[in-house]
Peer 1: 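Please find one structure pasted underneath; my questions will follow.
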Amino acid sequence: MFVDEAQIKVRAGKGGNGCVAFRREKFVPKGGPSGGDGGDGGSVVLESTSRMNTLTHFRFQPEQSAENGRQGEGSKCTGRTGKDLVLQVPAGTLVHDAESNELLHDFDAAGQRFVVARGGHGGRGNVHFKSSTNRAPRYAEDGTEGQALTLRLRLKLLADVGLVGFPNAGKSTLISKVSAARPKIADYPFTTLQPNLGVVSMGEFDSFVMADIPGLIKGAHEGHGLGDRFLRHIERTKILLHLVDLSDASGRDCVQDYEVVARELASFSPKLAEKPCIVAGTKLDAMQSPERVQELRDYCESSGLQFQAISSVTGEGIDSLLRIVGGRVRELREAADAAAHAPQQPPAYPPASGAGAAK
Ligand SMILES: Nc1nc2c(ncn2[C@@H]2O[C@H](COP(=O)(O)OP(=O)(O)OP(=O)(O)O)[C@@H](O)[C@H]2O)c(=O)[nH]1
Ligand SMILES: [Mg+2]
């Protein structure tokens, strides 16, 4: 089951209460207070991982709490600290406070940790309250409550390349050909009902992630077909790979197919429409009229789009397509790295406003 939205309640542990106790030992009369502090409550921590890509597990456990801190004890013993509760979320999860709708954290990579609810503090034991006027305090602090809040988790998968196209265009067939992903493939529209991810290797040490999502039809942004809500899973990809069926079986016009899907992308988000896009004509082996591929190729050339015709059955064109796609992914990764490591502009000196100038 693929779940990309979930609401959960998280509660951090309460701090343990401080203890009221006195030294009671032979030959130590009026030994004084000896109550130890309570332990701090455990926090709730979210951790992103690349090993899962669904929020399904939260549907079955919508309430999660971390351990409470233990009470302090006599002989100045501090109570045990509550254990943190670490919840794993797939990389690409956005965490919102369900009440205020505030974005608390965006897990935009695997291996990140975020403390979402802090545990309460343990209360101080009565040893801390001894004073010159009160040598035997009979009170200790209570531990404080841990934070509790309701979270709305939304998943936007992280992939480098997003496959788009009409139903039956051959998206799932292509991902199964070039990666270890094994989605369902069949000769009817809307075979794919949930996104699939596949890792495509580029040489020995490099790879990129491809996302296969359900097909789009005209009016998808109004809810036709399966709608366009799955498009958010390719919102963060670097490139779109737009597949167009070249075989005569579809009975539609190739260029029109491309334009219909491109319009749906633009209605979903202008950002998606501006993403670098590569077009692949599919089912080259089943194509009867060569004019179809020529027409699409000309169209792409005039629109400045890279084009490659492929067949997932015979394998024709697949290597060239992967070279084009892999090359673009590499270029965009390098550009993103360079931007992230660009030296920051030093602040203008002396300050333009004159504030802080020598007196
Ligand atoms: N001859 C031929 N058939 C293909 C090729 N690629 C896919 N097909 C067939 O086209 C049909 C649809 O393929 P899918 O991969 O399920 O298409 P899809 O784009 O994932 O479709 P949806 O999941 O419904 O959006 C299947 O019957 C495939 O066997 C190809 O290169 N050549
Ligand atoms: Mg499919």
Side-chain angles (χ1 to χ4, degrees), residues 1-2 4 53-54 157 159 161-200 209-234 237 239-265 268 272 277-290 292-293 296-297 307-325:
M1 184 168 39
F2 178 79
D4 56 4
N53 55 22
T54 161
L157 289 177
V161 178
L163 293 179
V164 292
F166 260 84
N168 260 348
K171 301 179 292 298
S172 304
T173 313
L174 177 66
I175 203 172
S176 69
K177 180 95 184 167
V178 299
S179 77
R182 290 290 170 266
K184 185 171 169 187
I185 293 168
D187 191 16
Y188 55 84
F190 303 117
T191 317
T192 301
L193 300 173
Q194 61 190 45
N196 303 295
L197 292 182
V199 179
V200 184
V209 179
M210 195 181 252
D212 169 31
I213 58 165
L216 295 166
I217 55 171
K218 191 171 176 194
H221 69 283
E222 292 164 335
H224 292 213
L226 293 180
D228 63 358
R229 71 180 210 95
F230 290 104
L231 284 178
R232 80 158 189 261
H233 291 298
I234 54 165
T237 59
I239 300 179
L240 298 182
L241 181 53
H242 192 143
L243 302 197
V244 181
D245 188 347
L246 293 174
S247 76
D248 303 83
S250 77
R252 295 183 308 253
D253 180 67
C254 294
V255 172
Q256 233 170 18
D257 271 10
Y258 173 84
E259 287 184 333
V260 165
V261 171
R263 261 197 298 274
E264 293 303 325
L265 298 177
F268 179 78
L272 210 53
C277 179
I278 294 167
V279 181
T282 61
K283 311 193 191 177
L284 192 56
D285 59 290
M287 182 185 68
Q288 259 120 48
S289 22
R292 288 172 73 86
V293 66
L296 187 60
R297 182 173 277 130
F307 175 81
Q308 176 68 48
I310 60 165
S311 162
S312 298
V313 171
T314 62
E316 190 181 346
I318 301 265
D319 283 347
S320 321
L321 179 68
L322 290 186
R323 258 197 305 280
I324 297 173
V325 174

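Bear in mind the structure is a predicted one, so any value in this text is a computation, not a measurement. Remember, it's 1-based here, ligands and their atoms both numbered in the order they're listed.
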Peer 1: When only distance counts, is F190 in polar contact with ligand 1, meaning an N/O pair under 3.5 Å?
Peer 2: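 Indeed, backbone or side chain, F190 has an N or O that close.
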Peer 1: Between T282 and A169, is there a donor-acceptor pair closer than 3.5 Å when you use the side chain of the first and the backbone of the second?
Peer 2: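 Present.
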Peer 1: For ligand 1, which atoms, with element, lie under 4.0 Å from some heavy atom of S311?
Peer 2: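 Counting atoms of ligand 1 from 1, those under 4.0 Å from S311 are 31 (O).
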Peer 1: Students should be able to answer this: which protein heavy-atom is nearest to atom 20 (O) of ligand 1, and at what distance?
Peer 2: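 Minimum-distance protein heavy atom for atom 20 (O) of ligand 1 reads S172 OG, 2.8 Å.
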Peer 1: Is it true that a side-chain atom of D248 and a backbone atom of Q288 form a donor plus acceptor pair closer than 3.5 Å?
Peer 2: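 Yes.
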Peer 1: Once salt bridge (Lys or Arg N to Asp or Glu O under 4.0 Å) is applied, do any residues pair with R297, and if so which ones, sequence neighbours excluded?
Peer 2: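 Salt bridge (Lys or Arg N to Asp or Glu O under 4.0 Å) check on R297 returns nothing, list empty.
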Peer 1: Please state which protein non-hydrogen atom is closest to atom 10 (O) of ligand 1 and give its distance, to 0.1 Å?
Peer 2: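 Answer for atom 10 (O) of ligand 1: K283 NZ, 3.0 Å.
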Peer 1: Is it true that the side chains of N196 and S172 contain a donor and an acceptor less than 3.5 Å apart?
Peer 2: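 The answer is no; no qualifying pair exists.
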Peer 1: Would you check the N or O atoms of T282, main chain and side chain alike, for any that come under 3.5 Å of an N or O of ligand 1?
Peer 2: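 Checking ligand 1 against T282, no N or O pair falls under 3.5 Å apart.
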Peer 1: I'd like to check which ligand 1 atoms, numbered from 1 as shown, lie under 4.0 Å from a non-hydrogen atom of P189.
Peer 2: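 Within the 4.0 Å cut-off of P189, ligand 1 contributes 24 (O).
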Peer 1: If you have a sec, work out which protein heavy atom is nearest atom 29 (O) of ligand 1 and how many Å separate them, to one decimal?
Peer 2: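 Ranked first by proximity to atom 29 (O) of ligand 1 is I185 CG2, 4.0 Å.
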Peer 1: Provide, to 0.1 Å, the distance between atom 25 (O) of ligand 1 and the closest protein heavy atom, together with that atom's residue and name.
Peer 2: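 For atom 25 (O) of ligand 1, the nearest protein heavy atom is K171 NZ, 3.0 Å.
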Peer 1: Restricting to under 2.8 Å, identify the protein N, O or S atoms around the Mg ion (ligand 2) as residue plus atom.
Peer 2: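 Listed by chain and number: S172 OG, T192 OG1.
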Peer 1: Report, in ascending order of atom number, the atoms of ligand 1 lying under 4.0 Å from any heavy atom of G215.
Peer 2: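 Ligand 1 atoms under the 4.0 Å threshold to G215: 25 (O).
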Peer 1: Is the number of heavy atoms from other residues, nucleotides or ligands under 6.0 Å of E316 CD greater than 12?
Peer 2: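 Incorrect, the count does not exceed 12.
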Peer 1: Test side chain to side chain contact (heavy atoms under 4.5 Å, CB included) on V161 and I278; report intermediate values, then the result.
Peer 2: CA-CA 10 Å; V161 178; I278 294 167; over 6 Å; no
Peer 1: For Q256, does its backbone N or O pair with a side-chain atom of D253 as donor and acceptor, under 3.5 Å?
Peer 2: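 Judged by distance alone, yes, a pair lies under 3.5 Å.
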Peer 1: Answer whether the closest heavy-atom distance between the side chains of E264 and L231 falls below 4.5 Å.
Peer 2: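 The answer is no; the side chains never approach within 4.5 Å.
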Peer 1: Flag the pair D257 and R252 as a salt bridge only when some basic side-chain nitrogen lies within less than 4.0 angstrom of an acidic carboxylate oxygen.
Peer 2: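 Yes.
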Peer 1: If you count the atoms of ligand 1 from 1 in the order shown, which ones are under 4.0 Å from a heavy atom of Y188?
Peer 2: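 That gives atoms 24 (O) of ligand 1.
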Peer 1: Please indicate whether K177 has more than 12 foreign heavy atoms, meaning atoms of other residues, nucleotides or ligands, lying under 6.0 Å from its NZ.
Peer 2: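 Result for NZ/K177: enclosed.
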Peer 1: Go through F166 and D245 one step at a time and tell me if the side chain to side chain contact (heavy atoms under 4.5 Å, CB included) criterion holds.
Peer 2: CA-CA 8 Å; F166 260 84; D245 188 347; over 6 Å; no
Peer 1: With respect to atom 30 (C) of ligand 1, which of N168, V313, I318 exhibits the smallest heavy-atom separation?
Peer 2: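 When every heavy atom of N168, V313, I318 is considered, V313 comes closest to atom 30 (C) of ligand 1.
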Peer 1: N/O to N/O below 3.5 Å, does that happen between G170 and ligand 1?
Peer 2: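 By distance alone, the answer is yes.
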Peer 1: Tell me, which protein residue and heavy-atom name are nearest atom 14 (P) of ligand 1, and how many Å apart are they?
Peer 2: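 Heavy-atom neighbour on the protein nearest atom 14 (P) of ligand 1: T173 OG1, 3.4 Å.
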Peer 1: To check your reading of the model: name the closest protein heavy atom to atom 23 (O) of ligand 1, its residue, and the distance in Å.
Peer 2: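 Here the nearest protein heavy atom works out to T192 OG1, 2.7 Å.
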Peer 1: So L157 and I213, do their side chains get closer than 4.5 Å, heavy atoms only?
Peer 2: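 I213 does not reach L157 side chain to side chain.
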Peer 1: Out of S312, A186, P183, whose heavy atom is nearest to atom 16 (O) of ligand 1?
Peer 2: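 Nearest heavy atom to atom 16 (O) of ligand 1 lies in A186.
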Peer 1: Under the side chain to side chain donor-acceptor pair (under 3.5 Å) definition, can you give me all pairs with a residue in residues 181-191, not counting sequence neighbours?
Peer 2: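 Qualifying pairs, neighbours excluded: K184-Y188.
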Peer 1: Side chain or backbone, does P167 bring an N or O within less than 3.5 Å of an N or O on ligand 1?
Peer 2: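 Between P167 and ligand 1, no N or O pair is found under 3.5 Å apart.
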Peer 1: Using modelled atom types only, decide if a donor and an acceptor are shared between the side chain of H221 and the backbone of F268 within a distance under 3.5 Å.
Peer 2: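 Flag not set: sc H221 to bb F268 has no pair under 3.5 Å.
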Peer 1: Residues in salt bridge (Lys or Arg N to Asp or Glu O under 4.0 Å) with R323, at least two apart?
Peer 2: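 With sequence neighbours excluded, R323 shows a salt bridge (Lys or Arg N to Asp or Glu O under 4.0 Å) to no residue whatsoever.
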Peer 1: Check D285 against ligand 1 and report side chain, backbone, both or neither, counting heavy atoms closer than 4.0 Å.
Peer 2: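 Near ligand 1, D285 shows its side chain, while the N, CA, C and O stay back.
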Peer 1: One residue to check: A286. Relative to ligand 1, which of side chain, backbone, both or neither has a non-hydrogen atom less than 4.0 Å away?
Peer 2: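 For A286, only side-chain atoms sit under 4.0 Å from ligand 1.
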